[in-house]
Amino acid sequence: MPQNRFYNAFDVQEWAGGRKPDYRSPFQIDRDRIIHAHAFRKLQSKTQVFLSGEYDFYRTRLTHSMEVAQIGRSICHFLLSRGAPLQDDFYIDSDLVEASCLAHDMGHPPFGHSGERTLQELMKRRGGFEGNAQTLHLLCETIYQNETGVKGMQPTRALLDGILKYKKLYTEFATPPINHFIYDSQAPIRDWVFGDARIPGPLMRGNVLNDFKSVECQIMDWADDAAYSLNDIVDGVRAGFLTIERVERWAATEEIDAAKQRHMDSLFDAIRADRLENVFSQKIGAFIQACRLKERDNFMAGKTNRYAYELVVDPAAMDESAFFKKMANDIIFESPQLEQLEHKARVILNALFQAIWDNYAERGERVIRILPGNVSRLIDAEKTLDGKARRLCDYLAGLTDGMIVRTYRRLFDPEFGSFRDLS
């Protein structure tokens, strides 16, 4: 295929650059570094909806990320197949979109959104915690870890922008937000992503800046919505959380118009015919084909085509996705079983955070070194309590569901643990 004119030198420039060029494109290197990273492999043991390892057919963060990547690539191919404005030498790079999709959940902690909410509670006065901001932190600063320290993967500007679903800093909000922000320390990364261009004042109002995304980030975001709005329903049915009776009871409390009734009927028909995965796979195909490109003008459009075009999704597809997301949230995520997981996450994360804090940050008279040596050195090297809290948070967020439960039991369960399993 001929040289792709959609991207320029600005797009492929590397954060903290110094890569050695090889036969791969810059975006293929981005993707390959993500796939082979330890942090990416850990996603196989992190909760998507149901606790990782509870059953072997539910989605984990890893399988979800793979599905999002496949949808993202398919959207790129579909948009190119439609022709203008795209053509054989002017197209959205599917390797870049795949890399953004594979990386988009890497910063999420154990216990899914329950874990994310708990870490935000713990870090509220020390810079906050947010899964998307943590992904940015990993890519730029901590994805590679060894006994001597941590470093980032030198990602391209286009990749960093591709995972930046939110661009507003924690303290740029009038009151501390619950989520949808990046860390204040990441302001230089945001400036670099924008090529040090001044952000126009209107974008800083409310959540407007968070909605200002590159076209690859928009594709990743819609692929993510398409994947979890439909696949959470499939997993919910398989787990017995979503039954026809429960959905009917839920619908009786909702305003169900003709379109929503059609969506419910298609779900019921698929359940009764035992064709759920087949029917919902077809819906994913429809969500892919609901995409179009549109030209736009903004302060970045002159620097890169990534902001000269935007993704437009058919409103009917967006409404269907939103309907199934709300159904999953109301019936599955607010169920007693998932609320019990929320409680477990809070108990475990609060206890571990406090134990580490007491021994590494605000130390008492007696200090017990309970962390691996490389983590201890990172925390000790920080000069401020906020810095120590961030390193502590990095450690907890990087644990899998199984690792954090075992660590908790070793510290608090007197009948669990031996010298052999402490490494």
Side-chain angles (χ1 to χ4, degrees), residues 46-68 71 105 108 110-118 131 178-179 222-287 290 313 315-347 401:
K46 287 192 176 185
T47 294
Q48 176 65 16
V49 177
F50 303 102
L51 191 64
S52 173
E54 192 167 2
Y55 296 96
D56 61 7
F57 55 86
Y58 298 141
R59 288 166 174 88
T60 65
R61 286 280 175 190
L62 180 65
T63 57
H64 166 71
S65 297
M66 292 167 62
E67 289 170 340
V68 174
I71 296 170
D105 268 353
H108 277 272
F111 301 130
H113 290 294
S114 301
E116 186 177 16
R117 284 189 288 267
T118 302
I178 297 173
N179 53 16
W222 174 239
D224 188 28
D225 276 0
Y228 76 75
S229 65
L230 299 180
N231 293 337
D232 285 357
I233 297 293
V234 174
D235 279 357
V237 172
R238 295 290 180 234
F241 278 84
L242 276 178
T243 62
I244 292 174
E245 293 75 16
R246 282 182 179 173
V247 174
E248 286 176 335
R249 285 198 300 271
W250 169 78
T253 67
E254 298 289 313
E255 293 184 7
I256 304 296
D257 58 20
K260 292 175 181 176
Q261 187 63 52
R262 286 196 299 273
H263 302 328
M264 277 205 311
D265 290 343
S266 73
L267 171 63
F268 294 163
D269 290 344
I271 293 173
R272 292 188 182 106
D274 195 22
R275 298 183 65 250
L276 190 64
E277 294 199 0
N278 179 271
V279 169
F280 273 60
S281 293
Q282 293 175 18
K283 289 182 183 293
I284 287 176
F287 282 7
V313 180
M318 295 180 69
D319 289 346
E320 183 173 7
S321 172
F323 174 73
F324 283 120
K325 275 197 290 186
K326 188 173 193 312
M327 180 188 294
N329 180 74
D330 292 353
I331 301 177
I332 301 174
F333 288 90
E334 295 185 5
S335 68
Q337 292 92 330
L338 269 291
E339 292 290 303
Q340 288 166 10
L341 178 60
E342 177 101 25
H343 178 72
K344 179 188 288 189
R346 293 191 66 181
V347 168
D401 295 357

Note to self: Between D401 and P110 (side chain of the first, backbone of the second, donor and acceptor by atom type, cut-off under 3.5 Å), is there such a pair?
What the structure shows: no

Checklist line | Over 12 non-hydrogen atoms of neighbours within 6.0 angstrom of CD1 in I256 | finding: yes

Next item on the list: Could you tell me whether E254 and K326 make a salt bridge, using a distance below 4.0 angstrom between a side-chain N and a carboxylate O?
Entry: yes

Note to self: Assess the residue pair H108 and R61 against the criterion (side-chain contact (heavy atoms from CB on, under 4.5 Å)); give the C-alpha distance rounded to whole Å, side-chain angles, the decisive distance to 0.1 Å, and a yes or no.
What the structure shows: CA-CA 9 Å; H108 277 272; R61 286 280 175 190; 3.7 Å; yes

How far apart are the closest heavy atoms of [X] and [Y], and which atoms are they?
| X | Y | value |
| --- | --- | --- |
| L242 | M327 | CD2-CG, 4.3 Å |
| S229 | F287 | OG-CE2, 4.1 Å |
| A328 | D232 | CB-CB, 4.2 Å |
| S321 | D225 | OG-O, 3.7 Å |
| A317 | A290 | CB-CB, 3.6 Å |
| H64 | Y228 | CE1-CB, 3.9 Å |

Next item on the list: Evaluate the side-chain contact (heavy atoms from CB on, under 4.5 Å) criterion for residues M66 and L62: first the C-alpha distance (whole Å), next the side-chain angles of each, then the deciding distance (0.1 Å), finally the verdict.
Entry: CA-CA 6 Å; M66 292 167 62; L62 180 65; 4.1 Å; yes

Item checked: Donor on one side chain, acceptor on other, H113 and E116, under 3.5 Å -> yes

Measure the spacing between [atom1] of [X] and [atom2] of [Y] and express it to the nearest 0.5 Å.
| X | Y | atom1 | atom2 | value |
| --- | --- | --- | --- | --- |
| K260 | E255 | NZ | CD | 7.0 Å |
| I71 | L230 | CD1 | CG | 8.0 Å |
| F324 | D319 | CZ | CG | 12.0 Å |
| I331 | R246 | CD1 | CZ | 8.5 Å |
| N329 | K325 | CG | NZ | 10.0 Å |
| R346 | E342 | CZ | CD | 7.0 Å |

Notebook entry, point to check: Given F280 and N231, is the side-chain contact (heavy atoms from CB on, under 4.5 Å) satisfied, shown in steps?
Noted result: CA-CA 8 Å; F280 273 60; N231 293 337; 5.6 Å; no

Checklist line | Qualifying residue, where the test is side-chain contact (heavy atoms from CB on, under 4.5 Å) with I244 and the options are R272, M264, R249 | finding: R272

Check: Looking at side-chain heavy atoms only, is the closest gap between K283 and V279 below 4.5 Å?
Finding: yes

Next item on the list: I would like to know whether F268 and V247 meet side-chain contact (heavy atoms from CB on, under 4.5 Å); could you show each step before the answer?
Entry: CA-CA 9 Å; F268 294 163; V247 174; 3.6 Å; yes

